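Inspection log for the structure reproduced underneath, given as structure tokens.
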Amino acid sequence: MNIFALFEQRVADALASLVASGALPAELDVSRAAVEPPRDPTHGDLATNAAMVLAKPAKANPRALAEAIAAELKRDPRVAKAEVAGPGFINLTLAPGVFQDVLRAIIAAGPDFGRGLKQDAAPINVEYVSANPTGPLHVGHGRGAVFGDALANLLAFVGYSVTREYYINDAGAQVDILGRSAFLRYREALGHDIGTIPEGLYPGDYLKPVGQALAERFGRALLDVPEEVWLPTVRTAAIDAMMAMIRDDLATLNIRHDLFFSERSLSQGGVDHIRATIDDLRARGLIYEGRLPPPKGQPVEDWEDREQTLFRATAFGDDVDRPLLKSDGSYTYFAADIAYHRSKFERGFRTMIDVWGADHGGYVKRMKAAVAAVTDGKGELDIKLCQLVRLLRGGEPVKMSKRAGDFVTLREVVEEVGSDAVRFMLLFRKNDAQLDFDLEKVVEQSKDNPVFYVQYAHARCASVFRQAREAFPGRDFGPARLAEADLSVLQDPGERDLLRLLAQYPRVLDGAADAHEPHRIAFHLFELASAFHSLWNKGKDLPQLRFVNQADQQSTEARLALVYAVRSVLASGLGILGVTAPDEMR
RNA sequence: GGCCCCGUAGCUCAGCCGGAUAGAGCAGCAGCCUUCUAAGCUGUUGGUCGCAGGUUCGAAUCCUGCCGGGGUCGCCA
């Protein structure tokens with residue numbers, strides 16, 4: 001139950017009846033009329049700008065129009081007050097029954113409150129992480145991982161049919177290097193002295209077990225054959241091992257993809273999908289052989305001006321046309337990525353979301369151009385860039401030497417502070433803003449730590465119920481019983497604040513899902529927790545405000561209903577963020 | 001040099017598909033704390049929303065230009 005959507009419809013109805021009575025001209029575009037929470041709560045519960053938006057097209061005075069709309073809205077029994085304010089706002093104060101209905105709806109749904117509110121099962125593809133299978137994930141990957149996962153959770157929660165996808169870059173030069181690095185470890189496992197790892201190969205210890213396994217599986221058989229022979233075998237084994245490790249790393253954050261899509265699979269097997277994609281584009285005149293101007297600014301030293309196969313990206317908003325074949329004739333990464341996104345579209349996804357690191361920002365335009373071309377404008381790609389994470393400990397940057405695989409892995413961080421802290425903190429910031437992650441602060445049990453603060457609110461809710469059962473032994477405080485409580489006693493400003501925030505939750509979900517911004521949920525939960533703690537604290541000085549009051553069963557029941565709703569929304573939101581909702585903090 | 005992101009209180013950041021007097025946390029300041037609801041509580045100071053134009057009933061929000069910070073810039077992934 002989303003009271004904002006509800007009353008948006010109500011306003012539309014009011015406008016329709018004004019049209020019917022001739023007070024407004026027909027064929028008005030009412031799409032800009034919105035119902036929002038007023039900035040100042042003393043203005044009421046809802047505000048609409050309908051009169052101001054329509055005044056000009058209707059050639060009417062905004063305040064007069066507002067009066068007419070307000071009069072129409074006042075006929076609704078759910079509207080206690082409709083006042084015109086300022087330049088033509090209509091402020092609505094709702095009948096108390098509306099909020100009581102909201103509360104009952106939350107209690108009925110529990111942690112599922114808000115689920116399926118889009119009533120739209122359209123398939124959406126979310127591609128995230130997609131890190132090269134050449135080593136363990138680091139914290140930067142973690143941000144994209146958590147962001148993509150929470151976004152996928154959110155979209156699934158509100159009703160979309162979501163597929164979580166990971167694109168494995170297993171076809172380029174990087175994985176050849178991986179293969180050679182693993183081969184070195186293989187020789188090492190067989191007792192060869194490999195000395196220091198040569199420049200350009202991966203030096204990390206994590207390849208040692210891969211070498212071991214190869215030695216056990218192949219003995220010395222790979223030693224005396226040429227690279228063309230051993231490389232495919234070693235490479236595949238190394239990629240498999242790296243992907244297993246990455247999957248493990250992701251599992252520590254409870255992240256599981258539905259599909260791991262291999263880049264290599266695009267051009268291997270029966271059909272060369274990259275070739276097919278290029279042919280398709282060529283048939284539509286979007287491919288040509290031509291030359292590119294060298295980049296302006298920084299001169300490229302080994303610039304080789306040559307004729308190459310280009311995709312006409314400029315026809316779709318990109319700055320230059322983009323090459324599809326390297327000088328050795330093999331496909332560029334971009335060519336493969338076009339084929340990959342084409343495959344997403346062919347698999348039924350009109351909406352695709354890619355989650356990338358900010359360092360890939362330069363590829364956004366060309367990828368969007370490619371999707372527009374390859375889907376003939378029918379597919380929609382949103383690319384979310386995640387900014388870098390600065391790892392701190394007690395305010396001091398954690399040293400991350402770029403040398404020799406000596407970096408802080410995601411796994412180390414999760415093992416130190418826990419999945420909940422990592423997930424919540426990475427989501428408690430807009431994706432395109434830089435983020436400081438302090439290993440000390442995120443485990444602090446204090447008001448200053450948002451993770452703790454929000455989880456603690458949930459635990460306190462659970463605690464209230466434990467106390468209630470103690471104070472009223474044998475009484476039923478289950479949701480069915482609470483839904484029948486007399487909720488009209490919830491009159492304290494603190495209680496009304498909570499009701500207001502609870503009622504806003506579906507609107508937050510809706511907006512977060514549309515904008516692909518899960519952080520909005522984290523912020524709303526923080527607000528809700530804050531209002532809840534504040535009401536709890538009020539009970540310290542004013543015992544009559546306590547949730548459990550042995551002398552007053554009626555108010556206890558009403559407040560337990562409120563607490564149950566707070567708990568449900570916290571659990572719902574934390575669930576979407578992938579953070580646990582504990583019943584106690586000890 | 002081109003493109004992208006960012007610039008909001010002393011600090012860290014929300015708010016940005018236009019809406020009313022721009023919000024939160026921290027820090028600061030002032031109280032409360034022999035508390036019984038659980039990791040303190042309550043109140044409060046503080047901002048030319050980088051600058052300058054434009055669009056309009058209305059701009060932190062949209063457009064243009066500039067300033068400052070970051071990223072990125074054939075064939076790597």
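Every chain is numbered from 1, with letters handed out A, B, ... down the list of sequences. Predicted, not measured: the structure shown is a model, and the values here were computed from it.
Here, B:C6 and B:C16 have their P atoms 13 Å apart, quoted to the whole Å. Comparing the P positions of B:A9 and B:U48 gives a spacing of 9 Å, expressed to the nearest Å. Nucleotides B:G25 and B:G46, compared at atom C1', are 15 Å apart to the nearest Å. Straight-line distance between the P atoms of B:A14 and B:C3: roughly 26 Å, to the nearest whole Å. Taking the P atoms as reference points, B:G28 lies 42 Å from B:C66, given to the whole Å. Taking atom C1' on both nucleotides, B:C62 is separated from B:C17 by 10 Å, rounded to a whole Å. For the C1' atoms, the distance linking B:A30 with B:G23 amounts to 22 Å, nearest Å. Between B:A59 and B:C49, the two C1' atoms lie 11 Å apart (nearest whole Å).
Between A:F532 and A:F547, the ring planes lie parallel to each other; the angle is under 30°, not in the 30° to 60° tilted range.
Stacking between A:F523 and the base of B:A14 is absent under the criterion of ring centres within 5.5 Å and planes under 30 degrees.
A:Q434 comes within 4.0 angstrom of the backbone, heavy atoms only, and of no base.
Between A:T93 and A:D45, the side chains place no donor N or O within less than 3.5 Å of an acceptor N or O (distance only, hydrogens not considered). Side-chain contact check for A:Y202 and A:Q174: at least one donor-acceptor pair (N or O, by modelled atom type) lies under 3.5 Å. When only modelled atom types and interatomic distance are considered, A:N132 and A:T134 share no side-chain donor-acceptor pair under 3.5 Å.
Contact check, A:K56 against B:C57: a side-chain N or O comes under 4.0 Å of OP1 or OP2. One finds a side-chain N or O of A:K430 lying less than 4.0 angstrom from the OP1 or OP2 phosphate oxygen of B:G15. For the OP1/OP2 pair of B:A39 and a distance below 4.0 Å, the side-chain nitrogens and oxygens of A:R460 include at least one atom meeting the criterion. An OP1 or OP2 oxygen of B:A77 is reached within less than 4.0 angstrom by no side-chain nitrogen or oxygen of A:H141. For the pair A:K365 and B:G2, the criterion of a side-chain N or O lying under 4.0 Å from OP1 or OP2 is not met.
When rounded to the nearest whole Å, the span between CG of A:D510 and P of B:C17 equals 14 Å. As a whole-Å value, the separation of A:W356 CH2 from B:A77 C1' is 11 Å.
Applying the 6.0 Å contact sphere to NZ of A:K441 captures no more than 12 heavy atoms from other residues, nucleotides or ligands. Within a 6.0 Å radius of CD in A:E470, other residues, nucleotides and ligands contribute 12 heavy atoms or fewer. Environment of CZ in A:R63: crowded, with over 12 heavy atoms of neighbouring residues, nucleotides or ligands closer than 6.0 Å.
Closest approach of A:H341 and A:D354 over heavy atoms only: NE2-OD2, 2.6 Å.
For A:D448 against B:A39, no side-chain N or O and base N or O form a donor-acceptor pair under 3.5 Å. Side-chain N/O atoms of A:Y363 and base N/O atoms of B:A77 include a donor-acceptor pair closer than 3.5 Å.
Mapping A:N49 and A:S530 onto RNA chain B via the closest heavy atom, the residue that lands nearer the 5' end is A:N49. Looking at which nucleotide of RNA chain B each of A:E517 and A:Y453 is closest to, the 5′-most match is held by A:E517.
Among the nucleotides B:C6, B:U72, B:C75, the one closest to any side-chain atom of A:D432 is B:C6. Ranking B:A20, B:G40, B:C3 by closeness to the A:P38 side chain, first place goes to B:A20.
Where pairing requires Watson-Crick or G-U contacts shorter than 3.5 Å, the helical stems of RNA chain B with at least three consecutive pairs are B:1-7 with B:67-73, B:10-13 with B:23-26, B:28-32 with B:40-44, B:50-54 with B:62-66.
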